[in-house]
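Some notes on the structure that comes next.
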Amino acid sequence: MKGKKKVARLTLKELALRTWRESGEDNVAGTAAELSYYFLLALFPLLIFLTSIIGFLPGADNSLLRGLERALPPDAMKLVREVLEDVVSHRSGGLLSFALIGTLWAASSGVASLIDALNIAYDTAETRSFWKRRLVALGLTLIFALLVLGGSGLIMIGHRLGNWLERALSLSAALTFVSSVAGYLTGFGLLMTGIAVLYYFGPNVEPAKRRVKAGALFASTGVVIGSLLFSVYLRVGPSASATYGSLGAVVTLMLWLYILGLLLLVGGEINSEVARAGDS
């Protein structure tokens with residue numbers, strides 16, 4: 001009929017083949033290695049910022065670390081705990097000052113590098129000024145921090161409510177299972193929301209081309225499954241400490257960050273292909 005635009009539909013096979021081809025052309029594997037370096041530099045400032053803010057919510061810091069422990073390999077989690085404990089024990093009391101702002105600025109460097117990589121996925125040039133792009137990265141980091149804080153608060157409240165109901169109604173086994181499932185679902189939902197926001201506001205593309213659902217679903221699911229499989233591999237595979245000695249935990253952490261960067265970039269490539277199919 002006249003006046004109706006025919007919308008192209010990609011099959012799952014076509015989408016996979018296009019994403020594979022574009023990932024190779026855009027050197028996603030090499031860019032993910034670059035991202036893992038920036039993520040490593042940004043990880044500890046972000047955690048310091050979160051633990052500083054989350055200190056106003058009693059018990060929420062433990063929820064944050066427990067949530068991180070579900071994703072991080074044991075050796076990497078041990079390194080993260082040691083660094084955070086060292087920073088907390090040596091910091092001054094007036095942390096909520098310019099030092100905290102500087103920490104947030106440093107934490108946004110990983111997001112800024114990811115924005116550049118997403119622009120490559122969309123084959124678009126960065127026309128925003130340095131300050132505008134940096135403010136976008138800063139805002140996305142703040143949104144991510146708020147999602148983490150909100151998730152930690154919800155999990156903490158749910159855990160306390162579960163304990164109260166357990167004592168009041170004697171539903172220990174059922175409530176433990178429901179609380180665990182709710183915690184995982186809450187974490188997954190917030191993770192997917194954060195990635196979707198990153199895909200929507202990060203790349204320098206027109207609003208009409210900002211298709212984020214498919215890539216966000218792939219990336220968030222991949223982060224969960226990839227982290228679990230990586231943890232299993234570390235348990236059955238050769239220890240990194242046997243090869244790298246005391247640097248084994250750092251190498252393990254960088255490998256995990258590399259997997260995260262790779263999944264985020266592939267998710268961006270998926271969104272890019274979906275947008276191209278919609279324009280055709």
Side-chain angles (χ1 to χ4, degrees), residues 23 27-51 61 63-87 106-118 140-141 144-145 147-148 151-152 183-184 187-188 190-192 194-195 198-199 215-270:
S23 296
N27 190 26
V28 163
T31 307
E34 178 184 341
L35 278 180
S36 66
Y37 172 76
Y38 286 110
F39 284 169
L40 181 64
L41 294 179
L43 176 63
F44 293 105
L46 178 62
L47 290 177
I48 293 168
F49 173 77
L50 288 174
T51 52
D61 53 344
S63 298
L64 172 64
L65 291 177
R66 280 197 301 268
L68 193 61
E69 198 168 28
R70 293 173 181 174
L72 274 175
D75 289 346
M77 187 63 203
K78 181 181 178 183
L79 174 65
V80 169
R81 284 186 179 274
E82 289 176 352
V83 172
L84 286 179
E85 289 174 0
D86 182 65
V87 170
S108 66
S109 60
V111 177
S113 61
L114 182 57
I115 288 174
D116 292 336
L118 290 176
L140 291 173
T141 305
F144 176 77
L147 289 172
V148 172
S152 299
Y184 280 109
F188 180 80
L190 292 174
L191 173 65
M192 186 172 175
I195 293 175
L198 176 65
Y199 285 153
L217 179 61
F218 170 84
S220 53
T221 305
V223 166
V224 173
I225 296 176
S227 297
L228 290 175
L229 292 178
F230 186 56
S231 296
V232 171
Y233 166 76
L234 291 176
R235 290 190 180 95
V236 300
S239 173
S241 299
T243 305
Y244 298 98
S246 59
L247 291 176
V250 178
V251 173
T252 300
L253 180 58
M254 287 203 70
L255 283 174
W256 180 70
L257 293 174
Y258 173 79
I259 293 172
L260 297 190
L262 187 63
L263 291 168
L264 288 172
L265 291 177
V266 173
E269 295 287 351
I270 291 174

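Hydrogens, waters and symmetry mates play no part in the numbers below; they use all other heavy atoms, side chains included.
- Within the 4.5 Å cutoff, side-chain heavy atoms of Ile259 are placed close to those of Leu263.
- Within the model, atoms CG of Leu264 and CD of Glu269 stand 12.0 Å from one another, a figure rounded to the nearest 0.5 Å.
- Here Ser108 contributes atom OG and Leu140 contributes atom CG; the two are 9.5 Å apart, rounded to the nearest 0.5 Å.
- The environment of OH in Tyr38 is sparse: at most 12 heavy-atom neighbours from other residues, nucleotides or ligands sit within 6.0 Å.
- Summarising the geometry, atom OH belonging to Tyr37 is positioned 13.0 Å from atom CG belonging to Leu257; distances are rounded to the nearest 0.5 Å.
- Taken from OH in Tyr199 to CD1 in Ile270, the straight-line distance is 7.5 Å, to the nearest 0.5 Å.
- Closest of all the heavy-atom pairs between Leu255 and Phe230 is CB-CZ, 3.7 Å.
- One N or O on the side chain of Ser220 and one on the backbone of Leu217 form a donor-acceptor pair closer than 3.5 Å.
- Atom CZ of Phe39 sits about 10.0 Å away from atom CH2 of Trp256, to the nearest 0.5 Å.
- Taking CG of Leu114 as the reference point, atom OG1 of Thr31 lies at 10.5 Å (rounded to 0.5 Å).
- Contact record, Ser113 with Gly110: OG-O, 2.7 Å, taken as the closest heavy-atom pair.
- Pairing each heavy atom of Leu265 with each of Ala32, the nearest pair is CD1-N, 3.6 Å.
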